[in-house]
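Working notes for the structure below.
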Number of protein chains: 2
Amino acid sequence: MSLPTTPLARYVRILEVLVSCPQGLTLTQISQTVGIQASSAHRLVNALCEIGLVDRRADSKTFVLGARMERLCRLAVAPPSVIDMAEPELHELVREFSETAYLAHLNGGSVESIATAVPDDGEMTYVQPGRVMPIHATASAKAILAHQKPDIVHRLLSQPLARYTDDTTTDPQQVMQELERIRQQGFAVCDNELDPGVLSFAVPVQGAEGSVRYAIGISGFSQRMRTKPVKEVATSLRRASRTLAAKLQQFHMV
Amino acid sequence: MSLPTTPLARYVRILEVLVSCPQGLTLTQISQTVGIQASSAHRLVNALCEIGLVDRRADSKTFVLGARMERLCRLAVAPPSVIDMAEPELHELVREFSETAYLAHLNGGSVESIATAVPDDGEMTYVQPGRVMPIHATASAKAILAHQKPDIVHRLLSQPLARYTDDTTTDPQQVMQELERIRQQGFAVCDNELDPGVLSFAVPVQGAEGSVRYAIGISGFSQRMRTKPVKEVATSLRRASRTLAAKLQQFHMV
DNA sequence: TTAGTAATTTCCTATTATCGGAATTATTTT
DNA sequence: AAAATAATTCCGATAATAGGAAATTACTAA
(Lines give C-alpha, C1' and ligand atoms only; values in the text may rest on other atoms or scores of the structure.)
Protein backbone atom coordinates (compact mmCIF):
# COMPACT_ATOMS: atom_id res chain seq x y z
CA MET A 1 0.00 0.00 0.00
CA SER A 2 1.69 3.16 -1.18
CA LEU A 3 1.79 6.05 1.23
CA PRO A 4 -0.82 8.72 0.66
CA THR A 5 0.73 11.82 -0.82
CA THR A 6 -2.01 14.38 -1.31
CA PRO A 7 -4.07 15.72 1.56
CA LEU A 8 -7.19 14.17 0.11
CA ALA A 9 -5.55 10.77 -0.17
CA ARG A 10 -4.66 10.91 3.51
CA TYR A 11 -8.18 11.70 4.53
CA VAL A 12 -9.43 8.80 2.48
CA ARG A 13 -6.87 6.39 3.89
CA ILE A 14 -7.93 7.34 7.40
CA LEU A 15 -11.56 6.70 6.53
CA GLU A 16 -10.67 3.37 4.97
CA VAL A 17 -8.73 2.35 8.03
CA LEU A 18 -11.63 3.31 10.25
CA VAL A 19 -14.10 1.47 8.03
CA SER A 20 -12.07 -1.68 8.43
CA CYS A 21 -12.33 -1.37 12.17
CA PRO A 22 -15.86 -0.77 13.39
CA GLN A 23 -14.89 -0.90 17.04
CA GLY A 24 -12.70 2.13 16.71
CA LEU A 25 -9.02 3.04 16.60
CA THR A 26 -6.80 5.30 18.63
CA LEU A 27 -4.84 8.15 17.15
CA THR A 28 -1.57 6.24 17.28
CA GLN A 29 -3.11 3.23 15.62
CA ILE A 30 -4.37 5.45 12.86
CA SER A 31 -1.10 7.29 12.39
CA GLN A 32 0.86 4.03 12.26
CA THR A 33 -1.51 2.20 9.97
CA VAL A 34 -1.77 5.07 7.53
CA GLY A 35 1.89 5.87 7.85
CA ILE A 36 1.77 9.52 8.86
CA GLN A 37 3.04 11.51 11.79
CA ALA A 38 1.02 11.59 14.97
CA SER A 39 0.63 15.33 14.76
CA SER A 40 -0.69 15.09 11.24
CA ALA A 41 -3.03 12.30 12.18
CA HIS A 42 -4.31 14.40 15.02
CA ARG A 43 -5.06 17.33 12.78
CA LEU A 44 -6.57 15.26 9.99
CA VAL A 45 -8.74 13.20 12.30
CA ASN A 46 -9.93 16.33 14.04
CA ALA A 47 -10.83 17.86 10.70
CA LEU A 48 -12.80 14.72 9.88
CA CYS A 49 -14.51 14.97 13.25
CA GLU A 50 -15.45 18.60 12.73
CA ILE A 51 -17.40 17.89 9.59
CA GLY A 52 -19.01 14.79 11.10
CA LEU A 53 -17.30 12.10 9.08
CA VAL A 54 -15.63 10.71 12.18
CA ASP A 55 -16.76 10.58 15.79
CA ARG A 56 -14.60 10.38 18.85
CA ARG A 57 -16.16 7.91 21.19
CA ALA A 58 -17.28 8.74 24.69
CA ASP A 59 -14.09 7.30 26.10
CA SER A 60 -12.44 10.11 24.11
CA LYS A 61 -9.63 7.84 23.04
CA THR A 62 -10.88 5.95 20.04
CA PHE A 63 -12.30 7.21 16.80
CA VAL A 64 -15.09 5.65 14.78
CA LEU A 65 -16.99 6.52 11.65
CA GLY A 66 -19.38 9.40 12.25
CA ALA A 67 -23.05 9.74 11.50
CA ARG A 68 -22.47 11.75 8.35
CA MET A 69 -20.18 9.13 6.91
CA GLU A 70 -22.61 6.38 7.75
CA ARG A 71 -25.47 8.23 6.13
CA LEU A 72 -23.35 8.84 3.07
CA CYS A 73 -22.43 5.18 2.82
CA ARG A 74 -25.96 3.97 3.38
CA LEU A 75 -27.24 6.23 0.63
CA ALA A 76 -24.48 5.11 -1.72
CA VAL A 77 -25.23 1.44 -1.17
CA ALA A 78 -29.01 1.67 -1.20
CA PRO A 79 -30.34 4.87 -2.68
CA PRO A 80 -33.72 5.77 -1.22
CA SER A 81 -36.69 5.10 -3.46
CA VAL A 82 -39.52 7.49 -4.16
CA ILE A 83 -41.56 5.39 -1.78
CA ASP A 84 -39.00 5.84 0.97
CA MET A 85 -39.10 9.57 0.46
CA ALA A 86 -42.87 9.75 0.38
CA GLU A 87 -43.45 7.68 3.48
CA PRO A 88 -42.92 10.45 6.05
CA GLU A 89 -45.37 12.68 4.19
CA LEU A 90 -47.97 9.95 3.89
CA HIS A 91 -47.72 9.23 7.60
CA GLU A 92 -48.05 12.89 8.38
CA LEU A 93 -51.26 13.03 6.35
CA VAL A 94 -52.60 9.96 8.11
CA ARG A 95 -51.81 11.50 11.46
CA GLU A 96 -53.60 14.66 10.47
CA PHE A 97 -56.76 13.26 8.91
CA SER A 98 -56.96 9.65 10.10
CA GLU A 99 -57.62 8.49 6.55
CA THR A 100 -55.67 6.42 4.06
CA ALA A 101 -52.95 8.43 2.34
CA TYR A 102 -51.35 7.24 -0.87
CA LEU A 103 -48.79 8.01 -3.53
CA ALA A 104 -49.68 7.35 -7.17
CA HIS A 105 -47.32 7.10 -10.11
CA LEU A 106 -47.79 7.61 -13.83
CA ASN A 107 -46.05 4.71 -15.50
CA GLY A 108 -46.45 4.38 -19.24
CA GLY A 109 -50.09 5.01 -19.89
CA SER A 110 -51.45 4.02 -16.51
CA VAL A 111 -51.46 5.44 -13.04
CA GLU A 112 -50.71 3.10 -10.19
CA SER A 113 -50.81 3.48 -6.44
CA ILE A 114 -47.29 2.65 -5.29
CA ALA A 115 -47.39 3.44 -1.58
CA THR A 116 -50.04 3.81 1.08
CA ALA A 117 -50.21 4.69 4.73
CA VAL A 118 -53.27 3.67 6.71
CA PRO A 119 -54.63 4.86 10.07
CA ASP A 120 -53.94 2.76 13.12
CA ASP A 121 -57.52 1.62 13.43
CA GLY A 122 -56.71 -0.53 10.43
CA GLU A 123 -60.06 -0.11 8.76
CA MET A 124 -60.53 -1.72 5.38
CA THR A 125 -58.96 0.41 2.70
CA TYR A 126 -59.68 0.58 -0.99
CA VAL A 127 -56.37 1.97 -2.15
CA GLN A 128 -53.58 -0.56 -1.93
CA PRO A 129 -50.07 -0.44 -3.36
CA GLY A 130 -50.09 -1.78 -6.88
CA ARG A 131 -53.68 -0.91 -7.59
CA VAL A 132 -54.15 0.61 -11.03
CA MET A 133 -56.02 3.90 -10.80
CA PRO A 134 -58.38 4.44 -13.76
CA ILE A 135 -57.41 7.76 -15.27
CA HIS A 136 -60.97 9.12 -15.38
CA ALA A 137 -62.19 7.84 -12.05
CA THR A 138 -59.57 8.49 -9.40
CA ALA A 139 -58.39 11.71 -7.83
CA SER A 140 -54.70 10.85 -8.14
CA ALA A 141 -54.83 9.89 -11.80
CA LYS A 142 -56.84 12.99 -12.65
CA ALA A 143 -54.41 15.17 -10.71
CA ILE A 144 -51.57 13.71 -12.74
CA LEU A 145 -53.45 13.78 -16.02
CA ALA A 146 -54.32 17.42 -15.54
CA HIS A 147 -50.63 18.24 -15.93
CA GLN A 148 -49.72 16.12 -18.94
CA LYS A 149 -49.23 17.44 -22.43
CA PRO A 150 -52.49 17.73 -24.42
CA ASP A 151 -51.57 14.98 -26.89
CA ILE A 152 -50.99 12.52 -24.06
CA VAL A 153 -54.28 13.47 -22.44
CA HIS A 154 -56.12 13.02 -25.71
CA ARG A 155 -54.56 9.66 -26.35
CA LEU A 156 -55.40 8.38 -22.89
CA LEU A 157 -58.95 9.69 -23.02
CA SER A 158 -59.59 8.29 -26.48
CA GLN A 159 -59.73 4.76 -25.15
CA PRO A 160 -63.08 3.57 -23.73
CA LEU A 161 -63.70 4.90 -20.22
CA ALA A 162 -65.25 2.23 -18.02
CA ARG A 163 -68.23 2.92 -15.81
CA TYR A 164 -67.83 1.84 -12.19
CA THR A 165 -70.70 3.65 -10.45
CA ASP A 166 -73.57 5.93 -11.31
CA ASP A 167 -71.22 8.86 -10.74
CA THR A 168 -68.40 7.72 -13.00
CA THR A 169 -67.62 10.25 -15.71
CA THR A 170 -67.33 8.31 -18.95
CA ASP A 171 -67.53 11.21 -21.39
CA PRO A 172 -64.01 12.33 -22.44
CA GLN A 173 -65.24 15.90 -22.94
CA GLN A 174 -66.54 16.04 -19.38
CA VAL A 175 -63.27 14.62 -18.09
CA MET A 176 -61.39 17.29 -19.99
CA GLN A 177 -63.52 19.93 -18.34
CA GLU A 178 -62.79 18.43 -14.96
CA LEU A 179 -59.04 18.44 -15.67
CA GLU A 180 -59.34 22.16 -16.36
CA ARG A 181 -61.11 22.68 -13.03
CA ILE A 182 -58.35 20.63 -11.33
CA ARG A 183 -55.69 22.85 -12.85
CA GLN A 184 -57.52 25.89 -11.55
CA GLN A 185 -58.20 24.77 -8.01
CA GLY A 186 -54.97 22.85 -7.66
CA PHE A 187 -56.41 19.58 -6.40
CA ALA A 188 -58.54 16.74 -7.70
CA VAL A 189 -61.62 15.15 -6.15
CA CYS A 190 -63.11 11.76 -6.79
CA ASP A 191 -66.50 11.28 -5.21
CA ASN A 192 -68.13 7.88 -5.54
CA GLU A 193 -66.71 7.50 -9.04
CA LEU A 194 -64.79 4.25 -8.62
CA ASP A 195 -65.37 2.64 -5.24
CA PRO A 196 -68.90 3.19 -3.99
CA GLY A 197 -69.07 5.48 -1.02
CA VAL A 198 -65.44 6.45 -1.21
CA LEU A 199 -64.28 10.06 -1.54
CA SER A 200 -60.69 11.00 -2.40
CA PHE A 201 -58.61 14.11 -2.78
CA ALA A 202 -55.27 14.31 -4.56
CA VAL A 203 -52.71 16.87 -5.67
CA PRO A 204 -49.97 16.56 -8.29
CA VAL A 205 -46.31 16.38 -7.27
CA GLN A 206 -44.36 18.87 -9.34
CA GLY A 207 -41.26 17.50 -11.00
CA ALA A 208 -38.52 19.31 -12.87
CA GLU A 209 -39.69 21.70 -15.60
CA GLY A 210 -43.31 21.38 -14.61
CA SER A 211 -43.50 17.68 -15.36
CA VAL A 212 -45.81 15.64 -13.17
CA ARG A 213 -45.40 11.92 -12.67
CA TYR A 214 -46.68 11.51 -9.12
CA ALA A 215 -49.70 12.48 -7.07
CA ILE A 216 -50.37 12.41 -3.37
CA GLY A 217 -53.86 11.89 -2.03
CA ILE A 218 -56.06 10.77 0.81
CA SER A 219 -59.04 8.53 0.52
CA GLY A 220 -61.86 7.44 2.83
CA PHE A 221 -65.55 6.80 3.21
CA SER A 222 -67.66 9.72 2.08
CA GLN A 223 -69.55 10.30 5.31
CA ARG A 224 -66.29 10.89 7.19
CA MET A 225 -64.44 12.63 4.40
CA ARG A 226 -67.24 15.16 3.98
CA THR A 227 -66.76 16.38 7.54
CA LYS A 228 -63.22 17.53 6.75
CA PRO A 229 -62.73 21.13 5.59
CA VAL A 230 -61.73 20.91 1.95
CA LYS A 231 -59.45 23.89 2.29
CA GLU A 232 -57.44 22.25 5.06
CA VAL A 233 -57.18 19.01 3.16
CA ALA A 234 -55.96 20.79 0.06
CA THR A 235 -53.45 22.82 2.04
CA SER A 236 -52.03 19.75 3.74
CA LEU A 237 -51.86 17.78 0.52
CA ARG A 238 -50.05 20.64 -1.16
CA ARG A 239 -47.59 20.88 1.70
CA ALA A 240 -46.90 17.14 1.47
CA SER A 241 -46.55 17.44 -2.29
CA ARG A 242 -44.12 20.33 -2.05
CA THR A 243 -41.99 18.53 0.52
CA LEU A 244 -41.83 15.39 -1.57
CA ALA A 245 -41.09 17.41 -4.72
CA ALA A 246 -38.18 19.06 -2.96
CA LYS A 247 -36.80 15.69 -1.90
CA LEU A 248 -37.18 14.23 -5.36
CA GLN A 249 -35.41 17.20 -6.84
CA GLN A 250 -32.63 16.97 -4.30
CA PHE A 251 -32.04 13.41 -5.38
CA HIS A 252 -32.60 14.22 -9.04
CA MET A 253 -35.40 11.72 -9.26
CA VAL A 254 -37.70 13.84 -11.35
CA MET B 1 -27.03 24.17 3.60
CA SER B 2 -24.03 26.25 4.57
CA LEU B 3 -21.29 26.58 2.00
CA PRO B 4 -18.30 24.35 2.53
CA THR B 5 -15.33 26.31 3.78
CA THR B 6 -12.46 23.90 4.26
CA PRO B 7 -11.01 21.86 1.40
CA LEU B 8 -12.13 18.65 3.06
CA ALA B 9 -15.66 19.93 3.42
CA ARG B 10 -15.80 20.65 -0.28
CA TYR B 11 -14.66 17.20 -1.21
CA VAL B 12 -17.28 15.72 1.06
CA ARG B 13 -20.03 17.94 -0.33
CA ILE B 14 -19.13 16.81 -3.83
CA LEU B 15 -19.29 13.18 -2.78
CA GLU B 16 -22.62 13.76 -1.08
CA VAL B 17 -24.01 15.41 -4.17
CA LEU B 18 -22.82 12.52 -6.31
CA VAL B 19 -24.24 9.98 -3.89
CA SER B 20 -27.62 11.62 -4.19
CA CYS B 21 -27.48 11.22 -7.93
CA PRO B 22 -26.53 7.71 -9.04
CA GLN B 23 -26.96 8.50 -12.72
CA GLY B 24 -24.17 11.03 -12.62
CA LEU B 25 -23.72 14.79 -12.71
CA THR B 26 -21.83 17.16 -14.96
CA LEU B 27 -19.20 19.53 -13.70
CA THR B 28 -21.51 22.51 -13.91
CA GLN B 29 -24.21 20.71 -12.00
CA ILE B 30 -21.70 19.85 -9.31
CA SER B 31 -20.25 23.34 -9.10
CA GLN B 32 -23.69 24.90 -8.87
CA THR B 33 -25.12 22.44 -6.39
CA VAL B 34 -22.13 22.64 -4.10
CA GLY B 35 -21.77 26.38 -4.62
CA ILE B 36 -18.19 26.62 -5.83
CA GLN B 37 -16.52 27.96 -8.94
CA ALA B 38 -16.37 25.79 -12.02
CA SER B 39 -12.60 25.85 -12.02
CA SER B 40 -12.50 24.72 -8.42
CA ALA B 41 -15.04 22.02 -9.08
CA HIS B 42 -12.92 20.86 -11.97
CA ARG B 43 -9.81 20.55 -9.87
CA LEU B 44 -11.56 18.96 -6.90
CA VAL B 45 -13.46 16.44 -8.99
CA ASN B 46 -10.28 15.54 -10.84
CA ALA B 47 -8.50 15.00 -7.54
CA LEU B 48 -11.34 12.72 -6.48
CA CYS B 49 -11.05 10.87 -9.77
CA GLU B 50 -7.34 10.39 -9.40
CA ILE B 51 -7.65 8.52 -6.15
CA GLY B 52 -10.60 6.50 -7.42
CA LEU B 53 -13.38 7.99 -5.34
CA VAL B 54 -15.09 9.33 -8.45
CA ASP B 55 -15.26 8.01 -11.99
CA ARG B 56 -15.88 9.97 -15.13
CA ARG B 57 -18.26 8.01 -17.24
CA ALA B 58 -17.49 6.81 -20.71
CA ASP B 59 -19.41 9.73 -22.19
CA SER B 60 -16.71 11.81 -20.47
CA LYS B 61 -19.25 14.38 -19.39
CA THR B 62 -20.79 13.09 -16.23
CA PHE B 63 -19.20 11.99 -13.01
CA VAL B 64 -20.32 9.14 -10.80
CA LEU B 65 -19.06 7.53 -7.64
CA GLY B 66 -15.94 5.47 -8.28
CA ALA B 67 -15.13 1.90 -7.42
CA ARG B 68 -13.07 2.85 -4.38
CA MET B 69 -15.88 4.91 -2.93
CA GLU B 70 -18.35 2.12 -3.53
CA ARG B 71 -16.10 -0.41 -1.88
CA LEU B 72 -15.62 1.92 1.06
CA CYS B 73 -19.36 2.41 1.44
CA ARG B 74 -20.16 -1.24 1.06
CA LEU B 75 -17.64 -2.14 3.76
CA ALA B 76 -19.00 0.56 6.05
CA VAL B 77 -22.57 -0.62 5.67
CA ALA B 78 -21.92 -4.35 5.76
CA PRO B 79 -18.52 -5.29 7.11
CA PRO B 80 -17.29 -8.53 5.59
CA SER B 81 -17.71 -11.61 7.74
CA VAL B 82 -15.04 -14.16 8.51
CA ILE B 83 -16.81 -16.39 6.03
CA ASP B 84 -16.50 -13.80 3.28
CA MET B 85 -12.80 -13.51 3.96
CA ALA B 86 -12.23 -17.25 4.08
CA GLU B 87 -14.06 -18.05 0.88
CA PRO B 88 -11.24 -17.26 -1.54
CA GLU B 89 -8.87 -19.45 0.44
CA LEU B 90 -11.32 -22.31 0.62
CA HIS B 91 -11.86 -22.18 -3.10
CA GLU B 92 -8.14 -22.12 -3.70
CA LEU B 93 -7.79 -25.29 -1.64
CA VAL B 94 -10.61 -26.95 -3.53
CA ARG B 95 -8.98 -26.02 -6.80
CA GLU B 96 -5.70 -27.48 -5.64
CA PHE B 97 -6.86 -30.75 -4.12
CA SER B 98 -10.36 -31.31 -5.49
CA GLU B 99 -11.63 -32.08 -2.01
CA THR B 100 -14.03 -30.35 0.34
CA ALA B 101 -12.40 -27.42 2.14
CA TYR B 102 -13.92 -25.93 5.27
CA LEU B 103 -13.56 -23.29 7.94
CA ALA B 104 -14.32 -24.21 11.55
CA HIS B 105 -14.97 -21.89 14.44
CA LEU B 106 -14.62 -22.28 18.19
CA ASN B 107 -17.75 -20.82 19.67
CA GLY B 108 -18.27 -21.23 23.38
CA GLY B 109 -17.34 -24.80 24.14
CA SER B 110 -17.98 -26.26 20.70
CA VAL B 111 -16.36 -26.15 17.31
CA GLU B 112 -18.61 -25.64 14.34
CA SER B 113 -18.03 -25.74 10.62
CA ILE B 114 -19.13 -22.32 9.38
CA ALA B 115 -18.14 -22.38 5.72
CA THR B 116 -17.35 -25.00 3.11
CA ALA B 117 -16.28 -25.11 -0.49
CA VAL B 118 -16.86 -28.26 -2.50
CA PRO B 119 -15.36 -29.50 -5.76
CA ASP B 120 -17.35 -29.04 -8.92
CA ASP B 121 -18.07 -32.73 -9.25
CA GLY B 122 -20.49 -32.12 -6.39
CA GLU B 123 -19.82 -35.41 -4.67
CA MET B 124 -21.54 -36.02 -1.36
CA THR B 125 -19.72 -34.22 1.39
CA TYR B 126 -19.70 -34.92 5.10
CA VAL B 127 -18.73 -31.47 6.29
CA GLN B 128 -21.51 -28.96 5.93
CA PRO B 129 -21.83 -25.43 7.31
CA GLY B 130 -23.36 -25.56 10.75
CA ARG B 131 -22.17 -29.05 11.54
CA VAL B 132 -20.80 -29.34 15.07
CA MET B 133 -17.33 -30.86 15.04
CA PRO B 134 -16.71 -33.14 18.06
CA ILE B 135 -13.60 -31.82 19.73
CA HIS B 136 -11.90 -35.19 19.96
CA ALA B 137 -12.85 -36.60 16.56
CA THR B 138 -12.31 -33.92 13.92
CA ALA B 139 -9.14 -32.43 12.52
CA SER B 140 -10.38 -28.83 12.73
CA ALA B 141 -11.53 -29.05 16.35
CA LYS B 142 -8.30 -30.73 17.37
CA ALA B 143 -6.27 -28.09 15.53
CA ILE B 144 -8.12 -25.40 17.46
CA LEU B 145 -8.06 -27.26 20.76
CA ALA B 146 -4.32 -27.76 20.50
CA HIS B 147 -3.89 -23.99 20.89
CA GLN B 148 -6.25 -23.29 23.75
CA LYS B 149 -5.20 -22.63 27.32
CA PRO B 150 -4.70 -25.84 29.37
CA ASP B 151 -7.67 -25.16 31.66
CA ILE B 152 -10.02 -24.86 28.69
CA VAL B 153 -8.65 -28.05 27.17
CA HIS B 154 -9.10 -29.90 30.45
CA ARG B 155 -12.63 -28.67 30.86
CA LEU B 156 -13.61 -29.67 27.33
CA LEU B 157 -11.97 -33.06 27.58
CA SER B 158 -13.49 -33.81 30.97
CA GLN B 159 -16.90 -34.33 29.43
CA PRO B 160 -17.68 -37.77 27.99
CA LEU B 161 -16.10 -38.32 24.59
CA ALA B 162 -18.48 -40.14 22.26
CA ARG B 163 -17.37 -43.05 20.10
CA TYR B 164 -18.28 -42.80 16.42
CA THR B 165 -16.09 -45.47 14.83
CA ASP B 166 -13.58 -48.09 15.86
CA ASP B 167 -10.87 -45.47 15.44
CA THR B 168 -12.43 -42.74 17.58
CA THR B 169 -10.13 -41.72 20.42
CA THR B 170 -12.27 -41.61 23.55
CA ASP B 171 -9.53 -41.46 26.16
CA PRO B 172 -8.82 -37.85 27.21
CA GLN B 173 -5.18 -38.70 27.93
CA GLN B 174 -4.71 -40.01 24.42
CA VAL B 175 -6.37 -36.90 22.98
CA MET B 176 -4.00 -34.74 25.03
CA GLN B 177 -1.07 -36.62 23.54
CA GLU B 178 -2.44 -36.07 20.07
CA LEU B 179 -2.83 -32.34 20.75
CA GLU B 180 0.85 -32.26 21.64
CA ARG B 181 1.73 -33.98 18.37
CA ILE B 182 -0.47 -31.46 16.51
CA ARG B 183 1.37 -28.57 18.13
CA GLN B 184 4.64 -30.08 17.03
CA GLN B 185 3.81 -30.92 13.43
CA GLY B 186 1.57 -27.87 12.92
CA PHE B 187 -1.44 -29.68 11.51
CA ALA B 188 -4.12 -32.08 12.67
CA VAL B 189 -5.31 -35.29 11.08
CA CYS B 190 -8.57 -37.12 11.55
CA ASP B 191 -8.61 -40.57 10.00
CA ASN B 192 -11.85 -42.51 10.14
CA GLU B 193 -12.56 -41.12 13.61
CA LEU B 194 -15.95 -39.54 12.97
CA ASP B 195 -17.32 -40.32 9.53
CA PRO B 196 -16.36 -43.81 8.35
CA GLY B 197 -13.88 -43.75 5.49
CA VAL B 198 -13.30 -40.01 5.72
CA LEU B 199 -9.87 -38.49 6.23
CA SER B 200 -9.32 -34.84 7.10
CA PHE B 201 -6.45 -32.44 7.61
CA ALA B 202 -6.70 -29.09 9.38
CA VAL B 203 -4.47 -26.27 10.59
CA PRO B 204 -5.20 -23.55 13.16
CA VAL B 205 -5.68 -19.95 12.11
CA GLN B 206 -3.53 -17.74 14.27
CA GLY B 207 -5.27 -14.74 15.80
CA ALA B 208 -3.86 -11.83 17.72
CA GLU B 209 -1.53 -12.73 20.59
CA GLY B 210 -1.43 -16.36 19.62
CA SER B 211 -5.12 -16.93 20.20
CA VAL B 212 -6.79 -19.48 17.94
CA ARG B 213 -10.50 -19.47 17.24
CA TYR B 214 -10.59 -20.80 13.70
CA ALA B 215 -9.21 -23.72 11.73
CA ILE B 216 -9.02 -24.42 8.02
CA GLY B 217 -9.12 -27.94 6.70
CA ILE B 218 -9.83 -30.26 3.82
CA SER B 219 -11.78 -33.46 4.02
CA GLY B 220 -12.46 -36.38 1.69
CA PHE B 221 -12.66 -40.13 1.33
CA SER B 222 -9.62 -41.93 2.62
CA GLN B 223 -8.69 -43.75 -0.56
CA ARG B 224 -8.34 -40.47 -2.43
CA MET B 225 -6.93 -38.44 0.43
CA ARG B 226 -4.16 -40.97 1.03
CA THR B 227 -2.82 -40.36 -2.45
CA LYS B 228 -2.07 -36.74 -1.64
CA PRO B 229 1.39 -35.88 -0.30
CA VAL B 230 0.86 -34.88 3.33
CA LYS B 231 3.62 -32.32 3.10
CA GLU B 232 1.94 -30.48 0.24
CA VAL B 233 -1.41 -30.56 1.96
CA ALA B 234 0.08 -29.15 5.12
CA THR B 235 1.92 -26.45 3.23
CA SER B 236 -1.17 -25.36 1.34
CA LEU B 237 -3.32 -25.37 4.45
CA ARG B 238 -0.77 -23.27 6.26
CA ARG B 239 -0.61 -20.81 3.41
CA ALA B 240 -4.40 -20.50 3.41
CA SER B 241 -4.35 -20.10 7.17
CA ARG B 242 -1.72 -17.40 7.06
CA THR B 243 -3.58 -15.46 4.38
CA LEU B 244 -6.83 -15.62 6.30
CA ALA B 245 -5.05 -14.66 9.52
CA ALA B 246 -3.64 -11.58 7.82
CA LYS B 247 -7.06 -10.57 6.56
CA LEU B 248 -8.65 -11.09 9.96
CA GLN B 249 -5.97 -9.00 11.55
CA GLN B 250 -6.34 -6.29 8.98
CA PHE B 251 -10.00 -6.05 9.88
CA HIS B 252 -9.29 -6.47 13.58
CA MET B 253 -11.50 -9.52 13.72
CA VAL B 254 -9.28 -11.57 15.97
C1' DT C 1 -21.93 25.41 -42.59
C1' DT C 2 -21.53 29.10 -39.43
C1' DA C 3 -22.17 31.97 -35.77
C1' DG C 4 -23.21 31.97 -31.11
C1' DT C 5 -23.60 30.04 -26.64
C1' DA C 6 -22.45 27.13 -22.98
C1' DA C 7 -19.47 23.93 -20.80
C1' DT C 8 -14.97 22.36 -19.90
C1' DT C 9 -10.27 22.91 -19.15
C1' DT C 10 -5.90 25.41 -18.46
C1' DC C 11 -3.31 29.05 -16.27
C1' DC C 12 -2.09 31.89 -12.72
C1' DT C 13 -1.11 34.15 -8.03
C1' DA C 14 -2.66 35.47 -3.53
C1' DT C 15 -4.33 32.92 0.00
C1' DT C 16 -4.76 29.16 2.87
C1' DA C 17 -4.07 24.58 4.56
C1' DT C 18 -0.81 21.07 5.31
C1' DC C 19 3.30 18.73 6.98
C1' DG C 20 6.01 17.09 10.44
C1' DG C 21 9.64 18.10 13.93
C1' DA C 22 9.82 19.68 18.49
C1' DA C 23 7.90 20.98 22.75
C1' DT C 24 4.11 20.43 26.02
C1' DT C 25 0.58 18.20 28.39
C1' DA C 26 -2.11 14.15 29.64
C1' DT C 27 -2.46 9.37 30.52
C1' DT C 28 -0.74 4.81 31.61
C1' DT C 29 2.49 1.68 33.29
C1' DT C 30 5.98 0.21 36.29
C1' DA D 1 6.69 8.65 42.21
C1' DA D 2 9.12 7.87 38.09
C1' DA D 3 9.21 6.40 33.50
C1' DA D 4 7.07 5.49 29.38
C1' DT D 5 3.64 6.16 26.22
C1' DA D 6 0.07 8.69 24.03
C1' DA D 7 -2.28 12.99 22.94
C1' DT D 8 -2.09 17.68 21.88
C1' DT D 9 -0.25 22.23 20.73
C1' DC D 10 3.00 25.17 18.25
C1' DC D 11 5.19 26.81 14.28
C1' DG D 12 7.83 27.76 9.98
C1' DA D 13 8.75 25.74 5.53
C1' DT D 14 6.21 23.72 2.07
C1' DA D 15 2.44 22.50 -0.74
C1' DA D 16 -2.36 22.72 -2.05
C1' DT D 17 -6.29 25.54 -2.77
C1' DA D 18 -9.39 29.25 -4.49
C1' DG D 19 -11.30 31.50 -7.95
C1' DG D 20 -10.81 35.04 -11.69
C1' DA D 21 -9.61 35.15 -16.41
C1' DA D 22 -8.55 33.28 -20.61
C1' DA D 23 -8.34 29.47 -23.87
C1' DT D 24 -10.28 25.49 -25.60
C1' DT D 25 -13.79 22.42 -26.66
C1' DA D 26 -18.54 20.88 -27.25
C1' DC D 27 -23.15 21.95 -28.21
C1' DT D 28 -27.13 24.72 -30.55
C1' DA D 29 -29.57 27.12 -33.56
C1' DA D 30 -30.00 29.72 -37.58
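Lettering follows sequence order; numbering is per chain, from 1. Please read all numbers here as calculations on a predicted model, not as lab measurements.
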Return the value, rounded to whole Å, for the distance between atom [atom1] of [X] and atom [atom2] of [N].
X	N	atom1	atom2	value
B:Q29	C:dA6	CD	C1'	13 Å
A:L25	D:dA7	CG	P	11 Å
A:L48	C:dT18	CG	C1'	14 Å
B:N46	C:dT9	CG	P	7 Å
B:L27	D:dC27	CG	C1'	16 Å
A:F63	D:dA6	CZ	P	14 Å
B:H42	D:dA22	NE2	C1'	14 Å
B:R56	C:dA7	CZ	C1'	12 Å

Holding to side-chain contact (heavy atoms from CB on, under 4.5 Å), I want the full list of residues that pass it with A:D171, two or more places apart in sequence or in another chain. A:Q173, A:Q174
What pairs with B:H42 under side-chain contact (heavy atoms from CB on, under 4.5 Å), at least two apart in sequence or on another chain?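 Applying side-chain contact (heavy atoms from CB on, under 4.5 Å) to B:H42 gives B:L27, B:N46.
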So, does [X] use its side chain to make a donor-acceptor pair with the main chain of [Y] at under 3.5 Å?
X	Y	answer
B:Q159	B:L156	yes
B:K247	B:M85	yes
A:S241	A:P204	yes
A:K61	A:T26	no

Under 3.5 Å between N/O atoms: give me all the protein pairs with nucleotides 16-20 of chain D, atom names plus distance.
unit_1	atom_1	unit_2	atom_2	d
D:dT17	OP1	B:Y11	OH	2.7
D:dA18	OP1	B:R10	NE	3.0
D:dA18	OP1	B:R10	NH1	3.4
D:dA18	OP2	B:R43	NH1	3.1
D:dA18	OP2	B:R43	NH2	2.9
D:dA18	N7	B:R43	NH2	3.1
D:dG19	OP2	B:R10	NH1	2.9
D:dG19	OP2	B:R10	NH2	3.1
D:dG19	N7	B:S39	OG	3.0
D:dG19	N7	B:S40	OG	3.3
D:dG20	OP2	B:Q37	OE1	3.1
D:dG20	OP2	B:Q37	NE2	2.4
D:dG20	O6	B:S39	OG	3.1

Protein-nucleic acid N or O pairs under 3.5 Å, nucleotides 23-30 of chain C:
unit_1	atom_1	unit_2	atom_2	d
C:dT28	OP1	A:K61	NZ	2.9

What residues, two or more places apart in sequence or in another chain, satisfy salt bridge (Lys or Arg N to Asp or Glu O under 4.0 Å) together with B:E50? none
Testing the basics here: between A:L106 and A:V212, what is the closest heavy-atom pair and its distance to 0.1 Å? CD2-O, 4.3 Å
For residues 66-79 of chain B, pull every pair meeting side chain to side chain donor-acceptor pair (under 3.5 Å), keeping only residues two or more places apart or in separate chains.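 Matches after skipping sequence neighbours: A:E16-B:R68.
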